[in-house]
Structure formats: structure tokens, C-alpha cells
Amino acid sequence: MKKTPPERLIDENGRRIDGRLPDEMRPLRIEAGVLKNADGSAYVELGNNKVIAAAYGPREVVPRHEALPDRAVFRCRYTMLPFSVDERKSPQPSRREVELSKVIREALAPAIFLQEYPRTAIEVYINIIQADGGTRTASIIAGAVALADAGISMRDLVAAIAVGKIGDILVLDINGIEDQFGDGDMPIAMMPSRGEITLLQADGVYTPQQIEEAIKLAQKAIQKIYAEQVRALKSKYEAIKESE
Ligand code: UDP
């Protein structure tokens, strides 16, 4: 079901449909270690997005012939649950889910020391419980925390956010309506302390200056997301320490 387009996406005071200013991110909440039966896990809320990630490994590769002699096999699976969107989504994996699984894997992989785990598998399963634009970036945030929570050796975390475009205005962290009716969507993932980009996709038309500006806008938000990822991981381990 297509939503009716709003009259405008930015009002005369520069406010977006959910009241945010162009450079404002939605509220973010991250919790680490939310699942007892996974090696590592994370729960992320980014506005109305609700995402859960479970990480496993290093463990035996199944099927065994897919094992690599010099590094771990790294797999990701992104799944959107049938009730996560307005119109029920079929539980069959869609082409979009297959593509996003690949995109998320490629955004997370550079942060993992895969060579430390030859002949093993490291796996991240991501479930979208509720979607409102930006689920791939919320998944990357959750996936990175789940991997770190599983104790996988990493060179950095990975944090991500999308920058959109409404008319000629760049807007941070677009929601579902802005994604559907806006003029651009540029998801960006980075290893925050290394300052390296691991994912950059773009829908829409941008000038080279706008691309630079979008990366700067994303980078600022990514530092905030990173701080929240670290806080979530620390608070899990502080809670364990206190209970000992
Ligand atoms: N969406 C939906 N049904 C679908 C797929 C997507 O309603 O089957 C919505 C959902 O809110 C999602 C948004 O469209 O977050 C944008 O999807 P996109 O493919 O751009 O990926 P995302 O922005 O979630 O990374």
C-alpha cells in the first residue's frame, strides 16, 4: 500500500515531518548481550526501527567444503519479519533481503580480523522487527555490536547512517516517508575510530560538493553512534562485574 505523499517534507521553519531539523538524527538506543543463546547479540532502536542481531563464531563451517584455509568465512543474513512493515511482508527471502545481506556483510567484514580464524565461520543474523527507513544502517550498527559482544577480534566497530535529500537540502537519517517521497538516500558506514568508509550507496542526484557535505554530516552522526555502541558494550560487562 503506497502512503499518500505529505504536502511537504520540510515546513517553513525548516522542520521535517517528524519535527527534526535537517541535521538531526532520530533517537538511538542500543543494548548489547540481549540473547542468552547466541555468542553475541544486540538490540537497536533508531526512531521507529527495531532491529535485533545475533552473532555466532568462530565455529565449524557447514558445509565443510566452504571453509577457507587462511581466514574465517563471514556470513550475514538480513531478514525483515512479516509484521515489520505496513503491508505484511512474505516470509520468503526477497531479492532485497538477499542484496541487503550482502551489503551489510561487506560493510562489516573490513572490521573483522578474519585471518585470525582460519577454517571457521563467523555469522551474523539480523532480524528487522519494525522498519521505518534506514534498516540497513540500523542493522550494521547492531551487527557490529553483536560481533564485539561475541568476543570476535576486530580492528574497529562499524557505525552507519543514511543522509537523504529533500529538494536541495541534505537531511540526516531519513525516515520511511522521507525515503519514499524525498529526493535521495545515501547510506554510509564507517569504521569510526579509523575514519574509513566501508559502505557508500546513493540514490538520487548530487553535486560533488553535496557528496562531500553528506559524508561530513554522516561522519558527525557516526561518532555519536559509535559512542553509544561503546557505552552499550561497556554497560553489559559492568553489569556482569557488579553481579559477581
Ligand atoms: N519497506 C517496506 N516494505 C518492504 C521493504 C521496505 O515497507 O518490503 C520500507 C521500510 O520502512 C524500509 C524502507 O521501506 O525501511 C526503505 O527501504 P530500503 O530498501 O531503502 O532500505 P532501508 O532504508 O531500510 O535500508
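Order of appearance sets the numbers: ligands from 1, and atoms from 1 within every ligand. Bear in mind that the values here come from a model prediction, so they are computed numbers and not experimental data.
The existence of a salt bridge linking Arg26 and Asp173 is confirmed by a sub-4.0 Å separation between a basic side-chain nitrogen and an acidic carboxylate oxygen. For the pair Lys236 and Glu238, the salt-bridge criterion is not met [side-chain N within less than 4.0 Å of a carboxylate O]. Under a 4.0 Å N-O distance rule, the pair Glu106/Lys102 qualifies as a salt bridge. Lys89 and Glu97 are joined by a salt bridge, as a carboxylate oxygen and a charged side-chain nitrogen come within less than 4.0 angstrom of each other. Salt bridge annotation for Arg20-Glu178: present, with a cationic side-chain nitrogen under 4.0 angstrom from a carboxylate oxygen.
Note that Lys50 lies outside the cation-pi zone of Tyr43, set by a 6.0 Å cut-off to the ring centre and a 45° limit from the axis.
Within 4.0 Å of ligand 1, protein heavy atoms belong to Met80, Val85, Arg96, Ala131, Asp132, Gly133, Gly134, Thr135, Arg136, Asp179, Asp185, listed by chain and number.
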